[in-house]
Structures are given as C-alpha cells and as structure tokens.
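Since the structure comes first, as structure tokens, the remarks are kept for the end.
Only a predicted model underlies this, so the values are computations on that prediction, with no experimental measurement involved.
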2 protein chains.
Amino acid sequence: MKAGTDLAQIGSLVGDPARANMLAALMGGTALTASELALEAGVGLPTASAHLAKLADGGLIRMQRQGRHRYYALSDQSVAAMLESIMGVAATVGPKRVLPGPRDKALREARVCYDHLAGEMGVMMLDRFVAKGLILIEGERAEISDAGADYFTRFGIDLGGLGKNRRPVCRTCLDWSVRRAHLAGGIGAALLDRMLGLDWAKREQHSRILRFTPIGRRKFEIFIR
Amino acid sequence: MKAGTDLAQIGSLVGDPARANMLAALMGGTALTASELALEAGVGLPTASAHLAKLADGGLIRMQRQGRHRYYALSDQSVAAMLESIMGVAATVGPKRVLPGPRDKALREARVCYDHLAGEMGVMMLDRFVAKGLILIEGERAEISDAGADYFTRFGIDLGGLGKNRRPVCRTCLDWSVRRAHLAGGIGAALLDRMLGLDWAKREQHSRILRFTPIGRRKFEIFIR
DNA sequence: GCGATAGTTTGCTTAGGATCGAAGTATGAA
DNA sequence: TTCATACTTCGATCCTAAGCAAACTATCGC
C-alpha cells in the first residue's frame, strides 16, 4: 500500500508527456533554462513553469538562479539511472517497436548519459578497463585500481580533484540499449569531459548523441585497447 | 521528443495509485488474481480490470488463464528492476521521509525482489559469493564459476535444470535500500526457493518481507561464510 | 529611471481518465 | 441444466490536472 504510493508519486511525475520530454532533455546532462524546457516540451511558458515546480517539488530536478535565468538539471545521478531503466523497459516490453532508424543507431552507439559516456562505446570501455584491471568491480560499486589511477592520470584527469566533491568517484550505470553496465560517477564524467576536450567527439545539438570523429574514434580504440 | 513519449507512456502506467499498488504487490513475485489485485489496490473489480488491461497492454504485466481465474505477474525481471530503481529514487530524493518504522527495517534487511533475495542480506550474499570466487562479475552480467557450480549443486540446486528455460541464469539487480547489487536471475530465484524449502525463512503474508528464523539466519551465515 | 527579457502567479476552460453500478460472458460445481 | 463464481464490457458521472491568456515580479542593459 505504502510502497505503491511512492511508486505512484514518482510515476505520475514522469507520466505527463510535457514533463517526460523535459526530463529526457535533461538526460543530456546540461542544465537548461525554463524557456528552453518549455520549447522542448512543446508547451507554453506558464505551463512549463508549473511542471518544473512540480518536478522540483518531487525532488527529481534541481534549480539554480543565474541572473534572470533559472537553470534546471536532474537532481542526482540516481534520477538519471532511473530514467534510463524506464527507457530500457520501454524499449524491450513497450509497444511493438518500429525498426530503429539511423538516429537510434547513433544513439545506441555513443551518447551522453547525464554526464558520462553511454551506449556501446561506453559499455565497451568499461569492459576493457575491467579486463585490464584498471577498474575493479564488486556489485554496483566500482573502484579505481592503482594501475587505473596511474593510467587515468596520464590521460590528463585530476583524480585528486575528483575526490573532493561528494559524489562517488567510481560507480556503474545500467545501459538501456545494451543492457550492460557502463562507467558513471566522477571518473565517468571526467573521462567524457576529457574526450570532448581532446575533440574526439562532438555533442549533437539538442540531443544526447555523441558523434565521434574518425580520428577520435581511432584514438578511443587505442585508449581502451 | 520521442524519448519523452516512451518515458511518459511507462510513467503514466506507474503513475496511477491503484496501478502502482498492483505493481508493488506483484513485486512480491507471486502471481495474483484480478480480485486479489483489486483488493490490494483498494478499487472495485471493474476498475481493477480496466487497470490490468492497461498494464498488460503496456507490456508491464503478463496474464495467464487458469480455469476461471486469471493470474497476473510482472512480465519480466527488467520491469521489477525498473520498479526497484523508482523506489530507490523515491527513498532518496522523495518527500522528506519520516523516520523508518520497524516494518521498513525488516524490509531493508531481507525481502523478496520479484523472485529472489534482496535487502541487506541479499547484497551481503552476493558480496561474499564474489569474494569467494563463486560468482564472477563483469558489468551487469555475472557468471557462475566452476567452484560456484560445485558449491550451489551441493546446496541442492539443479543447475542443469536452470539452463533449460530461457532466462539468464545469473545476473545482478540493483537494490533500492542498500543501493548495491544483489543476485537475481535463475540462480537467484533457485537460491531463494531452496532457502524457503529448508525453512530458513518465511514470507510474511501480503508483503515482500522475509522473516528469517534464528536458526535459519545462523545457517545462512554459515552458507555464505 | 525606462524598456525589454525571463519567469511566476492567477483565473478560467476543457478533456482525459478513474470510478462504480448494471448487464454480459465464461468457467466450474451440483 | 442450473446456479455460482470470476471476470469483462458498457454507460454515466465526476474530478483532477493540463493548458493558456493576462497580469504581476524580477533582473538586465542603457
């Protein structure tokens, strides 16, 4: 009875098309303004404002004022993981799917999940790291080995800086398209950040798709080999 | 835009209190009849029938006729995992929680998740199995080692029989209370089944709580040690 | 200060869907 | 065959919540 109430509360927040579109847009990881989200959801500003208030009240998103803008973002990695798992169910048990178009293919291959790399390439990367002993996995928790710390530091990531903020440095996240885990947490975010900084890939506008350049893809292969 | 539609579809299914209560009840793993679910949801039979049709249509549940009864169950482990992840978010970011009562404590300690052991004891069990090399984990996928096969067989589990039906023998599932993985899949179900058969624990009526007997708990400790 | 942009609040309309009673179908029991 | 149980379908009601227009608040640039 009580468990159902919790489920329903979150479910109804996600269950409205306008709010769902907002959440999907925020899965991209970048914070968005109320107007941008209104546009994304296809509703007017007043309506969007009401929706955002509900989402914030329910704890799914977090707001930050910046001048006359208000930036909204998912409040937590766990919210992103939940949304991914819902998408996973939608993809498997959902209504008979039309065969996936080219956009879906790109999305499956490489995309941003909140703030880290997901899709086939993300899963492959974690697999390789585990195989090489750079990451140690136990259950959902993951750990960076000494060899891994060395490797990531040489890649240009400041592990010391990561440790300072509160979020777990290393954790995994279930991938909806591949149904395997990929690397999330501080290290996952830092790796994606670095790859974008090195111009290995570019984010496609208004989407979660990551487009790797041919050179970037080759360097990525070498990096994880 | 499209991603949001998928989210909203599943979300709105979970978002109705009556349906959410039904799903929560089905998380117990046992299949329930329409009347039982109506009672659980606190609605009349016609209403329940309509809800069940929607859930089945959306692919979240699966129906099986048996005489004049119709038994409903979650359609898939992935649905159970999704519901767990939603509960996880509800528990963390949700409305300011009242301090957990004794029921919550029991639920945290040991409960049924669809058809396998979850809660602190479930997480502990998987941790020990991994540490002892009985289960090998790589991402979300898991595997039974040779030593593990031997150990589980001696515990009275027919691993050969497990392999026959289609569901993956070994996989992990994220625990909402502990936020770590526990053991799911065919082996998870078989282990719980065996423990119940050995009278280590009893299921509490109309709830997901597992009550271990003192002796059962001690045997469990030895089993995973 | 003034206009302009970003966002919220208020008040109203409307539609979708949750609910139940009553009638209809299917299965089992006598 | 007849009655009872289990469930669905139909029809009608009612209520929540999504939507927008208009008015209000706050911040920026000048």
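Among the atoms of the strands shown, only primed sugar atoms or phosphate atoms (P, OP1, OP2) are found under 4.0 Å from some heavy atom of B/Y72. Contact annotation for A/R65: no contact, since no heavy-atom pair falls under 4.0 Å across all strands.
Distance, B/D57 CG to D/dT9 P: 12 Å, rounded to whole Å. Computed from coordinates, the B/D16 CG to D/dC15 P distance equals 17 Å when rounded to whole Å. Between B/M63 atom CE and D/dA6 atom P the separation is 16 Å, expressed in whole Å. Rounded to whole Å, atom P of D/dA6 lies 16 Å from atom CG of B/L52. D/dA18 atom P lies 9 Å from atom CG of A/L13, rounded to whole Å. Following rounding to the nearest Å, A/L45 (CG) and D/dG19 (C1') show an atom-to-atom distance of 13 Å. Rounded to an integer number of Å, the gap from A/L55 CG to C/dT8 P is 12 Å. Look at CE on B/M22: it is 12 Å from C1' on C/dA18, rounded to the nearest Å.
Both A/R19 and A/P46 lie near DNA chain D, and the one whose nearest nucleotide falls closer to the 5' end is A/R19.
Inter-residue side-chain proximity for A/L196 and A/L210 is flagged as met; some heavy-atom pair is nearer than 4.5 Å.
Look at B/K54 and you'll find a side-chain N or O under 4.0 angstrom from OP1 or OP2 of C/dA18. Note on B/R70: every side-chain N or O is 4.0 Å or more away from OP1 and OP2 of C/dA26. The phosphate of D/dC20 has OP1 or OP2 within less than 4.0 Å of a side-chain N or O from A/T47. Distances shorter than 4.0 Å separate some side-chain N or O of B/H51 from OP1 or OP2 on C/dT19. Taking side-chain N and O atoms only, A/R68 has no distance below 4.0 Å to OP1 or OP2 of D/dT25.
In this structure, B/W200 and B/F220 have perpendicular ring planes: the angle between them is above 60°, well past the 30° mark.
Under the salt bridge (Lys or Arg N to Asp or Glu O under 4.0 Å) criterion, A/R194 pairs with no residue, sequence neighbours left out. In this structure, A/R68 has no salt bridge (Lys or Arg N to Asp or Glu O under 4.0 Å) partners at least two apart in sequence or on a different chain.
No donor-acceptor pair closer than 3.5 Å links the side chain of A/R19 to the backbone N or O of A/H51.
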